[in-house]
Amino acid sequence: MSKKVFIAIVLTVALFTQLHSKTFLRAATWDEAEGAKWVKEVFSKYEQMNPQVKINVQSITQGYDDKIITSLAGGTPPDLFMWWDYPRLASLDVLTPLENLVDLSNIDPMLVKWVSYNGHVWGIPKDWTTRVIWFNKEVFDKYGVPYPDNNWTWKEFREVAKKLTHPEEKVWGFLVTPYVYEWEGYVRMNGGSYLSPDTSTMNGYLNSKETIEAIEFLTNLYLIDGVSPSPSLISASGGSYAMFESGKVAMIDDGVWFIGYMRSRNPSLTIQDLAKKFGCVFPPHPEGKQLKVMIHNSAWVIPKNSKNKEIALDIIRFLAKEGGRTMAEGGWAFPIDMKIAEEMKLYEDPILGTFLKLLPYAVEDPSFLKRSDWSEKFEQYIADAFDLIMLRKATVEEALNKAVEESEKALGRK
């Protein structure tokens, strides 16, 4: 046997031994390209500390929910995966409760609430965002409108949106997007609610005076004030971000994703560059009432039948402590530990700091975390009501009453 052949055999045996001494885990995410890159970066830090573990990240960009549920039903789920609709899987008894297995003290308590359901904590937050009002400074400057601040009211917001609306120049003050999830913050800050406190009904809550007022405020911006372009025009113009970036829309209600959109167009863009043209402030609130905002918060969860549960739990513990730092350092997300945010001086940033300062104003008990059948027994009827209103086929009161009636039928009460 030649020396070269002998060395080749030794190297092959060494590689085989190394591969078979590792534990391979699967982690699933819906993130694409850049997002998946930072997920892998976080996991690579864990792998460096634990060389016997290899985490294979699977990016599922189409039909994510269905594929995850199919894998759970078939007994072949990933060892950990991204999720957000915790009541849906908790009701199927397929997730591992984490409150007694993971130290949650490093995670902001509000974020813990948003990954909890029915007395259990189901996930470790990966990333999150509050919702702000983004504004295009160039449009404000063009029409001589002062930049808004964090303490504006609905009435002041409406007047600003009107001043920025110039249909003859194809410029609108605000983009009205009637989404049930996003609008819950406006409903709650006005003292309204989608559901009763015991979560049994929408009757008397969705169609309450306070909820009607909130939805009228939002829909009247489009129906009466005309400060928003039509959905067909938004689509024909390349979407909401394209209209906002180009100055066709002065303000949008959105999360941190706008930064990702801008960086996808210019990867070298810094927050400082972004802040030269765009700003963001707190959403407006009803006069004399407390601001409330919605959070978008996804998390890592572990299925009950994970084949490598103990290692998956160790990874989750790592993510609870340091995972958020890596994502934040990459500019892809906010930390889940506010001490890290302070260390990174994110609160001082004119853009990122706004999102962080809004966290204490988050709705503490959003409707989607109250019932496992929220989507099919309640949410779909609210969405239908919003469509009726925007299409001018019903008043706000009529549409919300109809939603309540349909929900009650779905619950078997009528």
Side-chain angles (χ1 to χ4, degrees), residues 24-44 54-92 94-95 114-115 122-129 131 177-182 231-232 234-242 254-265 267 294-308 312 315-316 319 323 327 330-333 368-369 372-376 379-380 383-384 387:
F24 290 85
L25 281 81
R26 290 186 299 129
T29 175
W30 53 64
D31 285 310
E32 302 181 16
E34 192 70 16
K37 170 187 172 183
W38 287 109
V39 168
K40 293 175 183 177
E41 182 69 21
V42 172
F43 285 141
S44 71
K54 175 64 179 175
I55 307 168
N56 294 322
V57 177
Q58 182 181 11
S59 181
I60 304 172
T61 58
Q62 299 292 329
Y64 182 88
D65 289 12
D66 289 341
K67 290 178 181 177
I68 290 294
I69 290 175
T70 298
S71 71
L72 288 165
T76 58
D79 294 291
L80 62 162
F81 59 88
M82 291 298 305
W83 201 252
W84 69 276
D85 186 1
Y86 315 106
R88 183 179 183 185
L89 294 189
S91 65
L92 297 174
V94 293
L95 295 181
W114 277 68
V115 294
W122 299 105
I124 296 301
K126 165 184 165 283
D127 50 30
W128 62 274
T129 179
R131 297 186 66 85
T177 51
Y179 296 121
V180 176
Y181 187 99
E182 285 83 340
S232 59
I234 296 170
S235 178
S237 302
S240 57
Y241 285 166
D254 201 59
V256 74
W257 314 291
F258 177 66
I259 298 175
Y261 166 81
M262 293 298 292
R263 282 180 170 165
S264 71
R265 298 168 60 78
M294 294 295 282
I295 300 176
H296 297 261
N297 181 20
S298 56
W300 291 108
V301 301
I302 300 177
K304 273 191 171 182
N305 58 346
S306 167
K307 292 181 170 55
N308 298 286
I315 295 170
I316 285 284
L319 294 173
M327 296 290 285
W332 189 253
F368 85 97
L369 283 177
S372 60
D373 59 356
W374 159 250
S375 179
E376 61 268 24
E379 183 181 26
Q380 65 170 316
D384 291 343
D387 287 343

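Given the structure is predicted, the values throughout are model-derived calculations rather than measurements.
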(message) Distance check, rounded to the nearest 0.5 Å: Lys67 atom NZ versus Leu72 atom CG?
(response) 14.5 Å

(message) Centroid separation under 6.0 Å, is that true for the rings of Phe368 and Trp84?
(response) yes

(request) Report yes or no: does Ser235 contribute a side-chain atom to a donor-acceptor pair with the main-chain N or O of Pro231 at less than 3.5 Å? (result) no

(message) Using every non-hydrogen atom in the two residues, find where Trp83 and Tyr86 come nearest and quote the distance to one decimal.
(response) O-OH, 3.2 Å

(message) Just so I know, are the side chains of Asn305 and Val94 near enough to count as touching, which here means a heavy-atom distance under 4.5 Å?
(response) no

(request) Answer yes or no: is there a side-chain heavy-atom contact under 4.5 Å between Trp300 and Val42? (result) no

(request) Grab the two heavy atoms, one from Val301 and one from Trp122, that are nearest each other, plus how far apart they are. (result) CG1-O, 3.1 Å

(message) Could you measure the distance from the CD atom of Gln58 to the CE atom of Met82? Nearest 0.5 Å is fine.
(response) 14.0 Å

(request) Would you confirm whether Gln380, through its side chain, and Glu376, through its main-chain N or O, come within 3.5 Å as a donor-acceptor pair? (result) yes

(request) For the pair Thr129 (side chain) and Gly255 (backbone), establish whether a donor and an acceptor sit closer than 3.5 Å, ignoring hydrogens and angles. (result) no

(request) For residues 81-92, pull every pair meeting salt bridge (Lys or Arg N to Asp or Glu O under 4.0 Å), keeping only residues two or more places apart or in separate chains. (result) Asp65-Arg88

(request) Kindly write out the residues that satisfy side-chain contact (heavy atoms from CB on, under 4.5 Å) with Tyr179, not counting sequence neighbours, or none if the list is empty. (result) Thr177, Glu182

(message) Walk me through whether Leu25 and Phe43 qualify under side chain to side chain contact (heavy atoms under 4.5 Å, CB included).
(response) CA-CA 11 Å; Leu25 281 81; Phe43 285 141; over 6 Å; no

(message) For a quick test of reading the model, state the closest non-hydrogen atom pair linking Leu80 to Ile316 and the distance between them.
(response) CD1-CD1, 4.4 Å

(message) Please give me the minimum heavy-atom distance between Ala90 and Leu95, naming the atom from each residue.
(response) N-CD1, 4.4 Å

(message) Whether the side chain of Ser372 engages the backbone of Pro87 through a donor-acceptor N/O pair (distance < 3.5 Å, no angle test) should be reported.
(response) no

(request) With rounding to the nearest 0.5 Å, note down the distance linking CZ in Arg26 to OG in Ser71. (result) 7.0 Å

(message) If you define the side chain from C-beta out and look only at heavy atoms, does anything of Ile315 sit under 4.5 Å from Asp79?
(response) no

(request) State, to 0.1 Å, how close Val115 and Gly123 come at their nearest heavy-atom pair, and which atoms those are. (result) CG2-O, 3.3 Å

(message) Does Leu89 form a side chain to side chain contact (heavy atoms under 4.5 Å, CB included) with Ile69? I'd like the steps, not just the answer.
(response) CA-CA 8 Å; Leu89 294 189; Ile69 290 175; 4.1 Å; yes

(request) For residues Ile68 and Pro78, determine if any side-chain heavy atom of one lies less than 4.5 Å from a side-chain heavy atom of the other. (result) yes

(request) Start with the C-alpha distance between Trp114 and Met294, add both sets of side-chain angles, then the distance that settles side chain to side chain contact (heavy atoms under 4.5 Å, CB included), and finish with yes or no. (result) CA-CA 10 Å; Trp114 277 68; Met294 294 295 282; 3.8 Å; yes

(request) First locate atom CG of Leu92, then atom NZ of Lys304, and finally report the distance between them rounded to the nearest 0.5 Å. (result) 11.0 Å

(request) Establish, from distance only, whether the side-chain atoms of Asp127 and Ser298 form a donor-acceptor pair under 3.5 Å. (result) yes

(request) Evaluate the ring planes of Tyr261 and Phe258, with Trp represented by its six-membered ring, and classify them as parallel (under 30°), tilted (30 to 60°) or perpendicular (over 60°). (result) parallel

(message) So that I know where these two stand, are Tyr64 and Trp30 an aromatic pair - ring centroids less than 6.0 Å apart?
(response) yes

(message) For Ile60 and Phe81: C-alpha separation, side-chain torsions, deciding distance, then whether side chain to side chain contact (heavy atoms under 4.5 Å, CB included) applies.
(response) CA-CA 10 Å; Ile60 304 172; Phe81 59 88; over 6 Å; no

(message) Once you measure the plane-to-plane angle for His296 and Tyr181, does it fall in the parallel (<30°), tilted (30-60°) or perpendicular (>60°) bin?
(response) tilted

